[in-house]
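None of these values were measured; they are calculated from a predicted model. In this chain, numbering begins with 1 at the start of the sequence shown.
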Amino acid sequence: MALDRTPPNLRGQDGEGSVQVHQEASMKIEGAKVFSVYGKGGIGKSTTSSNLSAAFSKLGKRVLQIGCDPKHDSTFTLTGSLVPTVIDILKEVDFHPEELRAEDFVFEGFNGVKCVEAGGPPAGTGCGGYVVGQTVKLLKQHHLLEDTDVVIFDVLGDVVCGGFAAPLQHADRALIVTANDFDSIYAMNRIIAAVQAKSNNYKVRLAGCVANRSKDTDEVDRYCKTVGFNRIAHMPDLDAIRRSRLKKKTLFEMDLDDDIAAVQKEYIRLAETLWNGTEPLAPAPLPDREIFELLGFD
């Protein structure tokens, strides 16, 4: 049998025809500033998200962090434990959400940050977009978004399918966590393309990137200059950050030394930058071959 070499008919840049694409108007998050954090798997998105949530709380903001990963480990440095997921709780009541109370799935973390772990479908089944949608629906039904100033979605890995791009439908700004290396910047380039596609139909725009676990930022800065993107923070590769994860604490709970003080200050500065509003960036992602040629050395 001959292979069908006809390209698929993908109508529209937002994956028209996908069951995950269109958001119900009633699910719009209003009143809060909403940020979605993306980046290569293992790059430190949860560390960044949790410390950013803590920084916002230090500025006096009412913060809600939503972990969007089946591992449900986004908020454990805020709460000190692995909290049950929305999907786990819904299973316990046979998916009758009217039987749930807010305290069944919302947990208070450091400095009053509200923490929710959406969870995800079993490996190889279901759709992450459904999980995100159900989580937002529950939060709205319990009026938990009405007294919130900042919502942070912490989204797994560099998956940019319609399901795990669902938080982009809610976000005002997308933040990308990267490192000063080829793989991280390559993933960032693909995430930029995904955000640009969502921005055709939704209000989400790119805020910029955070260089994480990196002594230098030369490769990140070179990429940003080429495509028209901004690095808006730099978190160096400090052992204190690794230790904070092992202690199940945010950096704002660690014993103060010069390194801790400096990175706390950088997170506060990042929170202030995001709260005050960032320019809505529209960088032009590079084709794979061009980014391969741009980065690194001959």
Side-chain angles (χ1 to χ4, degrees), residues 7-18 20-23 33-41 43-45 48-49 129 152-214 216-235 270 273-274 276-298:
N9 181 21
L10 300 178
R11 305 183 310 279
Q13 294 191 50
D14 195 24
E16 213 173 292
S18 167
Q20 307 121 344
V21 169
H22 301 291
Q23 174 188 294
K33 296 190 178 186
V34 185
F35 304 98
S36 287
V37 181
Y38 284 84
K40 175 181 174 291
I43 201 60
K45 291 178 300 302
T48 302
S49 298
I152 294 179
F153 285 96
D154 173 22
V155 191
L156 88 166
D158 46 356
V159 177
V160 291
C161 73
F164 284 107
L168 295 174
Q169 299 177 352
H170 300 285
D172 301 295
R173 291 287 185 269
L175 184 67
I176 303 176
V177 182
T178 186
N180 200 48
D181 60 50
F182 176 85
D183 290 341
S184 303
I185 299 171
Y186 188 87
M188 176 164 65
N189 190 65
R190 289 177 55 81
I191 294 164
I192 285 173
V195 177
Q196 298 289 62
K198 284 293 181 188
S199 70
N200 290 325
N201 294 323
Y202 297 100
K203 63 181 179 179
V204 64
R205 298 295 184 270
L206 285 153
C209 65
V210 174
N212 192 47
R213 296 180 179 173
S214 300
D216 301 310
T217 64
D218 55 323
E219 298 293 337
V220 172
D221 294 340
R222 191 149 62 96
Y223 170 81
C224 287
K225 183 178 180 180
T226 301
V227 303
F229 203 36
N230 289 343
R231 174 177 57 82
I232 57 176
H234 176 207
M235 308 302 172
L270 175 58
T273 298
L274 292 171
N276 291 331
T278 58
E279 178 186 355
L281 300 176
L286 296 175
D288 290 350
R289 188 175 298 278
E290 288 186 25
I291 191 172
F292 185 85
E293 293 173 352
L294 172 71
L295 299 174
F297 303 92
D298 293 332

Original post:
With no hydrogens and no angle check, is any side-chain donor or acceptor of Arg205 less than 3.5 Å from a backbone partner on Thr278?
Top reply: no
Subject >> Close side-chain approach of Pro283 and Leu206, heavy atoms under 4.5 Å >> reply: yes
Original post:
Would you say Pro280 and Arg173 make side-chain contact, with heavy atoms under 4.5 Å?
Top reply: yes
**OP:** Determine the minimum heavy-atom distance between Cys209 and Val220, stating which atoms define it.
**Re:** SG-CG1, 3.8 Å
Original post:
Is the side chain of Asn230 donor-acceptor paired with the backbone N or O of Gly208 at a distance under 3.5 Å, no angle test?
Top reply: no
Original post:
Does the side chain of Val210 come within less than 4.5 Å of Met235's, by heavy atoms?
Top reply: yes
Original post:
Run the side-chain contact (heavy atoms from CB on, under 4.5 Å) check on Val195 and Tyr38 step by step: do they pass?
Top reply: CA-CA 10 Å; Val195 177; Tyr38 284 84; 5.5 Å; no
**OP:** Report the residues that fulfil salt bridge (Lys or Arg N to Asp or Glu O under 4.0 Å) with Lys203, sequence neighbours left out, ordered by chain and then residue number.
**Re:** Asp172
Subject >> Closest heavy-atom pair and its distance - Lys45, Val155 >> reply: CE-O, 3.0 Å
Original post:
Say you draw a straight line from CG of Asp181 to OG of Ser214; how long is it, rounded to the nearest 0.5 Å?
Top reply: 6.5 Å
Subject >> Min side-chain heavy-atom separation Leu175-Ile232 under 4.5 Å >> reply: yes
**OP:** Please list, chain by chain and in numerical order, all residues satisfying salt bridge (Lys or Arg N to Asp or Glu O under 4.0 Å) with Arg231, sequence neighbours excluded.
**Re:** Asp221
**OP:** Rounded to the nearest 0.5 Å, what's the gap from CZ on Arg222 to CG on Leu294? Could you check?
**Re:** 5.0 Å
Original post:
Under 4.5 Å between any side-chain heavy atoms of Tyr186 and Phe292, yes or no?
Top reply: no
Subject >> Partner of Asn180 under side chain to side chain donor-acceptor pair (under 3.5 Å), chosen from Asp216, Asp218, Asn212, Thr217 >> reply: Asp218
Original post:
Rounded to the nearest 0.5 Å, how far apart are CD1 of Ile191 and OG of Ser184?
Top reply: 9.5 Å
Subject >> Side-chain heavy-atom pair Val204, Ser36 within 4.5 angstrom cut-off >> reply: no
Original post:
Which atoms form the tightest heavy-atom contact between Ala179 and Ile43, and what is the distance?
Top reply: CB-CD1, 3.5 Å
Original post:
Do the rings of Phe153 and His170 sit parallel, tilted or perpendicular, given the 30° and 60° boundaries?
Top reply: parallel
**OP:** Check whether any side-chain heavy atom of Thr178 lies under 4.5 Å from a side-chain heavy atom of Tyr223, and answer yes or no.
**Re:** no
Original post:
What is the distance from atom CZ of Arg190 to atom CD1 of Ile176, rounded to the nearest 0.5 Å?
Top reply: 12.5 Å
Original post:
With a 4.5 Å limit on heavy-atom distance, are the side chains of Asp183 and Lys40 in contact?
Top reply: yes
